[in-house]
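So that the names make sense, note that chain A is the first sequence line, chain B the second, and so on, each numbered from 1.
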Amino acid sequence: MSLLHATWLRNPRGLSEIKPAIFLWADTWRIANPEQPRDEPALHPFSLSSKELKDWLTEQQLLPNNTTDSSASLTLPSKHIDNKTNKSEAIFSVLPLQAEETIPTKYEWWPWKINGLTLSPLEASRWLSKLPLSIKNTNLSEEILWWTHLQRWALKLIANGLWLPQVELNKEETSHHRARWVPLLNQENERKRLETFVETMPLVVLSSLPWKNKEEENISNKASSTFKTHRYLNPLASWRPHNQHFEVISLLEEIIDAQLRENFQPSTNNLDPLLNAWQKALGSDNGYIDLSNEAVKRLANATKNWKSGLSPNLSSAKTCLELKAPSNDTQPWRLKFFLQAESNPQVKIPAAQVWDAGSETIEIDGIKIEKPSELLLEGLGRTLTIFPAIERGLESPMPNETELSSAEAFLLIRTEAKKLRDLGISVLLPTSLSKGLANRLGITIKAELKESSKGAMLDESLSWNWKLMIGGTNLTMHELEELAQKKSPLLNHKGTWIELRPNDLKNAEKFFSNPPLLNLNEALNLTATDGNTLNKLPVHHFEAGPRLQAVLAKYHHKKEPEAIKAPNGFLGQLRPYQERGLGWLSFLYQFNQGACLADDMGLGKTIQLLAFIQHLKNQHKLSKPILLIAPTSVLTNWKREALTFTPKLSLLEHYGPKRCSNKENLRKSLNGIDIFITSYGLLFRDRELLKIIDWQGVVIDEAQAIKNPKAKQSIAIREVTKNLQNNPIRIALTGTPVENRISELWALMDFLNPKVLGEEEFFNQRYKLPIEHYGDISSLKDLKARVSPFILRRLKTDQSIISDLPSKIELNEWIHLSQEQEHLYNNTVEQSINEIASTPLGQRHGKTLGLLTRLKQICNHPALALKERNIDKNFLNRSTKLQRLEEILDEIIESNDRAILFTQFAEWGHLLQQYLEKRWESEVPFLHGGTSKINRQAMVDRFQEDPRGPNTFILSLKAGGLGINLTRANHVFHIDRWWNPAVENQATDRAYRIGQTKSVVVHKFITTGSIEEKIDQMILQKSQLAEDIVGSGENWLKKLSIEELNDLVALDKQNPEF
Amino acid sequence: MTDSEITTELGTEGLGEQSWWVEQWMELINTYRYKKRLARAWNYAREGNVTSIRFEGRRVHARVQGTEKQPYKIKLWLDILEEEDWRYVIEALAKKAKWSAQLLAGVMPKDIEKAFATTGKRLFPFNLQEVKSECSCPDQANPCKHISAIYFLMGDQFKEDPFILFQLRGRDKSSLLSDIIHQRSIIHKEKKVKDTKSILPSNIINKQSERIAIKYKPNFWWSYEKTLDDDLVVITPSTDKSSDVLLAGELPLAKDPKCPESHNTFIANLISHRDIQAQQAMLHAMSIKR
């Protein structure tokens, strides 16, 4: 997989003939030899050539319109490689580090030659406008996201008309004066945004220089002969940004200039010669102004003054005024003067130091400021035009501060501070007066559950009382009225300066005369996030009584509910986190709330649910059956697990052609049933029948199946759950990080707790659109706070889990055969047994072996047994094993884990590779006996090293089961069974070995009733037969009677019927 | 605006809201007795007969197209202050931070004459006779209508830059400012000697180098984890009329008398460009690939 990057190619020499551009390049992972220092930067060994890049971009539909092939010298952190071949002499050699690669402790800065494509700023802005604003496309690097955000900002500035045309004087005699369009950052928030862009900019954006070719050098030598001193055109020197602040401004300027320059050709009628020339230059490609030097200078001066009248010049520092409150009412307020670093508001220099400097430069945050006193005075002069109150402070020669009356201070706080900030004057206010809502008049709440309540219903009201609070201290209504009578907007209340607004008193009086009721649901919302209001009054503090606190803490996952031990009747152990999971399920059930258990794969969701149902049964809360819906591919697994762990629960499978088809039969057969299990497909088909049953509850497994609210299964679920009575159980199980899949959350919550997210239309407008389309973080936070009480997701890597977890988890994936598989299986057995029976004893061995192999192939996929070479349209549906495999791999890829897949059939490996590559549109390597030695090593290296390498890796058991190290995988799949568990374990140990940092999940697929289950049983029971098989190869086959053989291979009758 | 009556009253055509020092200049012109000549001069100025106007050192050089083929050459100047006087003025200017502050912010302080008071001189000419002038026209009267036309245009030039008056009195902006800084450090030293104890330790805070070191860590090389700012999510044109930058401040460029509509046309062109571009930017902003 390649990753696209973008870097800014500036012109380092200030020659305006070379235009700045954006340079696109991509890297990919490949085997590379470290480079040693030489005259020029070496070619970046992982980068794509311009041609490769173009082809790839075309394929990804990302190719911009007008690109030029070019090269750059890019400085990158690079890793030091010890060259072991020559021991006598340590050779210094390096390889560039790639994005997402772990940074070693030792690294070097090193310039690399990179080939790629340049884009003019105009093309770049168009291209960037079309890219997603959050990381969606994994082909795009994070710095491209930075670029797209920058372009987004440019669009906003253009949409709001925040720009001005300017004149840029030439820096050298030989170049031209130019007309430029520049952004006008005349609002405080826009200037802050600039600093944020500077702070967050990935350095790779500004770490390159254009690659100079011989011909170009000749041209520029003609232009200016002063550059001949360079010995090499492209010296081996690192280049990193020096003043990011100014470089980001110039980037923004280029992008905005390019966009505004386009299509500006208005009539020149009525224009004087000066404006005429300027207007023409503003609409021309190069921006050259055709005027005399003198005229251009006059124009430049005028436009500069025009701009500085509207917005501050973005210098490195600005004037800063800090308001200091007096300690009591009688003293005046003071406004102190500073110079503040533009790049770092923490760095302030008091005026006294500025006066000390005199005509010297002063250094602020590492940047030298010429004539700092003029900078300070200019800011004070501009302050004076808006806030005349400071005039009396400016009567002395070198003032450090001025005094203000409280009325003047109030004026500054309420209105003038903002105006000043927009003019580029920084204003700092005392914290108790500047923090917005936090210091405003609000309330503190004390609440507790009512005596009789257990805190089980969301809409039950609480017993509570409230107090007024302002500036961090409580006050009574009486005190508030007294304060209000002073009629002063700024008040000193118990030592803190506070601001009282006219509406505050009104809101407080209203609240006082008619306090609202407070219920548990509101308490939940008030405590979920900060900055809430209740009847227009900000809630500054919420104090819950011990009993309410206990409920809230559990809800907000601050405290896990009490663990519940494995219930009687549950055979087996629950790990501590599973006991907590069980506790959580019953906690939410008490509250009549649906729950989504979204534990990572391998943590035992099935077991926790079965334990929960057993728990309910023991508590006599299970009077009716629970409807459990799962994908077809896991029905068998459910039955198996239920049989193993909760044999006392009676389970009925609704599947196959002989399933209940009318009400009477269904009612009758449900008698005494605890769990009624069916597939999503049949749920939809039989919804009319199933919806008349009053289920105890509904459980959906692999809940991502209902992600689309309009899909058949989602509609069916809604119909079936609609009429359930009395606190039905609603549980969803999923292994995917469901809280990150915004679009799927609504359908999930609609099933669990419909009130939480409201109607779909509302949800889409309020959350989905802002978050998915624009990456709106505040909506996302709010959404997460709303749904998080109902979702429990624990990862294998969680600190609280990891100690409970064995480092290797073995999971059996029980599956049945698809219809086609079963027919093929039965036919094969029937034919072969007869054939073998009529074969002389001596030749039986070979035929028997052939039969076993063929049956195992059928369990994998009919296409494998039928020797098909290519995948067909129906490929997935033909094999239940493949369906289940795909489901599990989906979860693994979603969680960004990695998996290795073992099979004993090379043909199956090829088919699977074809299928999976098509399914995920990404590369899936396959290592088999026919893979060359070099390729093997490359595949293994890539899987282990490439930061963006493949998530899945197929290996043939024989070729890949030994000797190699694949510790980057934490999932191992044994798609088909081998007779000898030692061989499987050796393969597993490719991932489960020293160097593995995560717990490893081993998935073993077993088709129930088939030869695979027999093998599994034999291995488990260590029967004589198995010993034979394991011990002496295939000799045992000779001893097998036809009856024994038939028992071994024939499909078990317990298998679901069709 | 174009059809307003020709008048010698101030603040009419093209001048809009005036800074007080420009107003004062215009008042001065209006003290001229020969109103008819002044009206003709105003016409000259308005109709573009003034072909050039330059500030060179302490003189104003201008050319006015009169009745003859060749334009008349005009020179205007004020009496300059002696070095001695400037010393006093600069001493006075340095004593009050407000004066420097306002001048640097492009505003002429209203009480600026106080800084000149000790010298007995003035910054503004007290009467028109102080404005010395020469014109190459045959007219014997001084000021002739050509010179008077320049008077009007000088008002506009003052608006471009309040330092021009200082220049005409013999001190250009940069030397004036550096003189003031110098004078301020003299006061500063005297004060320090008086205070004996040092005011503040000059520990200049320097965090930049530290910050660069952090930023150069390779983790910063690639990663960008920020989500889009809330207010960049949906892009709409600004509805706040007061934030209209093209109308907020006038382009401080003296008008070319020959093209009185030039400024307005240019701004109108910019406004229509802005509106089209704003529309397009919004459209671009809505067409993101999901």
Side-chain angles (χ1 to χ4, degrees), chain A residues 77 99 103 107 129-130 132-133 142-143 145-146 149 152-153 155-156 158-161 184 200 202-204 260 264 266 270-272 275 302 305-306 309-310 344 347 352-353 355-356 358-359 363 365-367 373-374 377-378 380-382 384 391 394-395 397-399 770 774-778, chain B residues 94-98 100-102 104-107 160 177 181 184-185 187-188 199-200 202 204-209 216 218-224 226-230 232-233 235 237-238 245 248-249 251-253 256 259 261-262 265-266 269 273-274 277-278 281-282 284-285 288-290:
Chain A
I103 310 286
Y107 60 87
S129 297
K130 290 181 192 139
L133 294 159
E142 289 184 9
E143 81 263 14
L145 187 64
W146 183 89
H149 286 186
R152 188 83 181 169
W153 184 28
L155 284 179
K156 180 181 188 239
I158 293 173
N160 290 351
L184 190 75
T200 56
L203 289 174
V204 70
L260 290 171
F264 183 65
N270 291 332
L271 291 186
D272 60 43
L275 292 180
N305 287 340
W306 188 25
L310 294 168
N344 185 356
V347 182
Q353 261 175 261
W355 306 131
D356 277 351
S359 54
E363 198 169 311
D365 204 25
I367 296 171
S373 57
E374 283 182 14
L377 283 166
E378 194 219 330
L380 292 173
R382 273 191 282 133
L384 198 52
E391 180 165 359
L394 303 180
E395 296 290 327
M398 284 159 278
Y774 306 109
D776 180 15
I777 198 75
S778 61
Chain B
K95 272 185 193 152
K96 212 190 246 202
K98 191 190 85 172
S100 312
Q102 286 193 302
L104 283 163
V107 177
E160 277 186 28
L177 287 174
I181 290 184
R184 214 182 281 129
S185 36
I187 301 175
H188 192 53
I199 299 169
L200 268 169
S202 58
I204 289 168
I205 309 150
N206 182 353
K207 283 190 181 162
Q208 181 75 11
S209 48
Y216 276 178
N219 324 22
F220 286 92
W221 211 262
W222 309 100
S223 73
Y224 176 68
K226 212 180 153 295
T227 47
L228 191 67
D229 286 348
D230 287 354
L232 294 184
V233 169
I235 292 181
S238 166
V245 295
L251 177 63
L253 187 68
D256 186 331
C259 304
E261 277 311 291
S262 183
T265 310
F266 182 70
N269 290 345
H273 187 52
R274 178 195 59 198
Q277 290 291 322
M282 275 168 56
H284 282 310
I288 302 276
K289 274 184 198 162
R290 293 201 179 211

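Of the inter-residue distances, the one linking Glu143(A) atom CD with Ser223(B) atom OG reads 10.0 Å to the nearest 0.5 angstrom. Summarising the geometry, atom CD belonging to Gln277(B) is positioned 5.0 Å from atom CG belonging to Leu260(A); distances are rounded to the nearest 0.5 Å. One distance of note links CZ of Arg152(A) with CG of Asp229(B); it measures 11.0 Å at 0.5 Å rounding. Once rounded to the nearest 0.5 Å, the distance linking OG of Ser359(A) with CG of Leu177(B) reads 12.5 Å. Atoms CD and CG, from Gln102(B) and Leu380(A) in turn, are 11.0 Å apart once rounded to the nearest 0.5 Å. Rounding to the nearest 0.5 Å places CH2 of Trp355(A) at 10.0 Å from NE2 of His188(B).
Proximity to chain A (any heavy atom under 4.5 Å) is shown, for Leu232(B), by both the backbone and the side chain. Heavy atoms of Ile158(A) lying under 4.5 Å from chain B belong to its backbone as well as its side chain.
Taking the six-membered ring for Trp and thresholds of 30 and 60 degrees, Tyr224(B) and Trp146(A) have ring planes more than 60 degrees apart, a perpendicular arrangement.
Ranked by non-hydrogen atom pairs under 4.5 Å with chain A, the options His273(B), Lys98(B), Lys95(B), Arg184(B) are led by His273(B). In terms of heavy-atom pairs under 4.5 angstrom with chain A, the leader among Gly106(B), Ala281(B), Ser262(B) is Ser262(B).
When every heavy atom of Ala159(A) is checked against every heavy atom of Ala278(B), the shortest pair comes out as O-CB, 3.3 Å. Closest approach of Ile235(B) to Lys156(A), counting heavy atoms only: CD1-N, 3.8 Å. Across every non-hydrogen atom of Asp272(A) and Cys259(B), the tightest pair is CA-SG, 3.6 Å. Ala97(B) approaches Pro397(A) most closely through the heavy-atom pair CB-O, 3.6 Å.
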